[in-house]
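This report concerns only the one structure given below.
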Number of protein chains: 2
Amino acid sequence: MDNLSAKGISWYYDRLNRHCCRLTKPRRAILDILEDTGEHLSAEQIHRQVSKISTNAGLSTVYRNLELLVRIGLVWKFDAGDKKARYEIAKRTDENHHHHLICKKCNTIIDYSASVDNEKDFIKMREKNLSRKYNFKIENHCIDFFGLCYKCRKS
Amino acid sequence: MDNLSAKGISWYYDRLNRHCCRLTKPRRAILDILEDTGEHLSAEQIHRQVSKISTNAGLSTVYRNLELLVRIGLVWKFDAGDKKARYEIAKRTDENHHHHLICKKCNTIIDYSASVDNEKDFIKMREKNLSRKYNFKIENHCIDFFGLCYKCRKS
DNA sequence: CTTGTTAATGAGAATTATTCTCATTAAAAA
DNA sequence: TTTTTAATGAGAATAATTCTCATTAACAAG
Ligand SMILES: [Mn+2]
Ligand SMILES: [Mn+2]
Ligand SMILES: [Zn+2]
Ligand SMILES: [Zn+2]
């Protein structure tokens, strides 16, 4: 098993390659971390993790790469209400496409699948209609529900 | 026409009062500005405007009040991708409830009504189901579509 | 209308997430 | 292996937001 076939790295590699970007050590570390954890990490959390598995990468490098990875579609960036950006791996298929329930109190983020209740279909239809009505090219969307998770409801 | 009945100030006043907050000059100026403009303003834009109509209010006061007004539900805060928060007036009725199309290039924000395509009903149903499934108390949501406005599609 | 209480203000310092700079390093094409 | 140049990392710079604290003004009570 060569280096590149592990962990779907070749997939990353192809995508990076297509954008004329090199598969560098910190870049790969970031992708590995986001792939492994299912979490929604901040840049700083990612930086801390990277420093463990790779020789220490600069925080600026982490930011620079996250920006790149978001741009080429390997990573998804979003905002959970507190003021630091969160990042999570973007999966190949849109099987994994999902939205979020975000607890205002403890900042827990729950992924929920958009395949239930025909949410996916509804959104697609909505995008088509909005697109036409406003002559607006929709590229992606952000659907979050804010409130209190079950733990925080009590306290 | 007394001072308080103008511009629905009494509505603000009641809400503030219920939360034991005073209707101060800068507080009122912020509400007036957000009411008048239909726009989605940043704290700094609001601060600039306030300084025109009221005697100059401190930027910190603007931030402090925006936070309060969001908390008690008179103002709606959201994030348009660039990294400064945007604020808009929250209307009484949920007639005015709406979502956004946000241009990634020029940051134009288009309000669209959620009453078309039964979006409102769909969301309500979705909230109910998610709420039950995850034992999560949903308080509000944020639905944004990102892409390119018609002006930016060309260039 | 005064007065007293205390929430609110405003100037600026402090904090914090993110971006920028630039000399150095290392992917990967040749 | 050599060469080219994208990428790195340390730290400085920036920018949005929050904090501090002495001063002011909203408004309830008299
Ligand atoms: Mn997620
Ligand atoms: Mn709006
Ligand atoms: Zn919670
Ligand atoms: Zn645009």
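Bear in mind the structure is a predicted one, so any value in this text is a computation, not a measurement. Just so we're on the same page: letters track the sequence lines, and every chain starts at 1.
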task = Between B:C21 and B:K83, just flag the one whose closest nucleotide in DNA chain D comes earlier from the 5' side.
result = B:K83

ask   = Within the structure shown, what part of the strands sits under 4.0 Å from A:R27 by heavy-atom distance: base, sugar-phosphate, or nothing?
value = sugar-phosphate

request  = Could you check how far CZ of B:R86 sits from P of D:dA16, rounded to whole Å?
outcome  = 11 Å

Rounded interatomic separation in angstrom, taking CG from A:L59 and C1' from D:dA7 = 16 Å

ask   = Has A:Y63 got a side-chain N or O lying under 4.0 Å from the OP1 or OP2 atom of C:dT18?
value = yes

request  = For A:T24, answer base if it contacts any base atom (sugar-phosphate contacts may also be present), sugar-phosphate if it contacts only those atoms, and nothing otherwise; contact means non-hydrogen atoms under 4.0 Å.
outcome  = sugar-phosphate

task = Output yes when A:E44 and A:K84 qualify as a salt bridge under the 4.0 Å nitrogen-oxygen rule, no when they do not.
result = no

query = How is B:T61 classified with respect to the nucleic acid when contacts are heavy atoms under 4.0 Å: base, sugar-phosphate, or nothing?
reply = base

request  = Return the value, rounded to whole Å, for the distance between atom CZ of B:R71 and atom P of D:dT18.
outcome  = 12 Å

inquiry  = Expressed as a whole number of angstroms, how long is the span from A:D79:CG to D:dA16:P?
reply    = 16 Å

query = Donor-acceptor pair under 3.5 Å: do we get one between B:S42's side chain and the base of D:dA16?
reply = no

ask   = What do the steps show when you test A:F145 against B:N140 for side chain to side chain contact (heavy atoms under 4.5 Å, CB included), and what is the final call?
value = CA-CA 6 Å; A:F145 294 93; B:N140 50 41; over 6 Å; no

request  = Using only side-chain N and O atoms of A:N17, determine if any of them is under 4.0 Å from OP1 or OP2 of C:dA27.
outcome  = no

ask   = Is there a donor-acceptor contact under 3.5 Å linking the side chains of A:N129 and A:R132?
value = yes

query = How close or far is atom P of C:dT9 from atom NE2 of B:H47, stated in whole angstroms?
reply = 12 Å

query = Taking all non-hydrogen atoms of both residues, which atom of A:V62 and which atom of A:A43 are closest, and how far apart?
reply = CG1-O, 3.8 Å

query = Are OP1 or OP2 of C:dA17 and a side-chain N or O of A:K84 less than 4.0 angstrom apart?
reply = yes

inquiry  = From CG of A:D82 over to C1' of D:dT17, roughly how many Å is that when rounded to an integer?
reply    = 13 Å

task = Test B:E88 against every option in B:E39, B:H98, B:E35 by the side-chain contact (heavy atoms from CB on, under 4.5 Å) rule and name the one that passes.
result = B:H98

message = Without decimals, in angstroms, what is the distance between A:L68 CG and D:dA6 P?
response = 13 Å

message = For C:dA11 and B:N56 - does any side-chain N or O of the residue sit under 4.0 Å from the phosphate oxygens OP1/OP2?
response = yes

remark   = Judged by nearest nucleotide, the residue sitting upstream toward the 5' end of DNA chain D, A:N65 or B:S60, is A:N65

ask   = Hey, is the side chain of B:R64 poking within less than 4.0 Å of OP1 or OP2 on C:dT9, counting only N and O atoms?
value = yes

query = For A:R22 and C:dA26, is the shortest distance between a side-chain N/O and OP1 or OP2 below 4.0 Å?
reply = no

ask   = Taking CG from A:L23 and P from C:dA29, how many angstroms apart are they, rounded to a whole number?
value = 12 Å

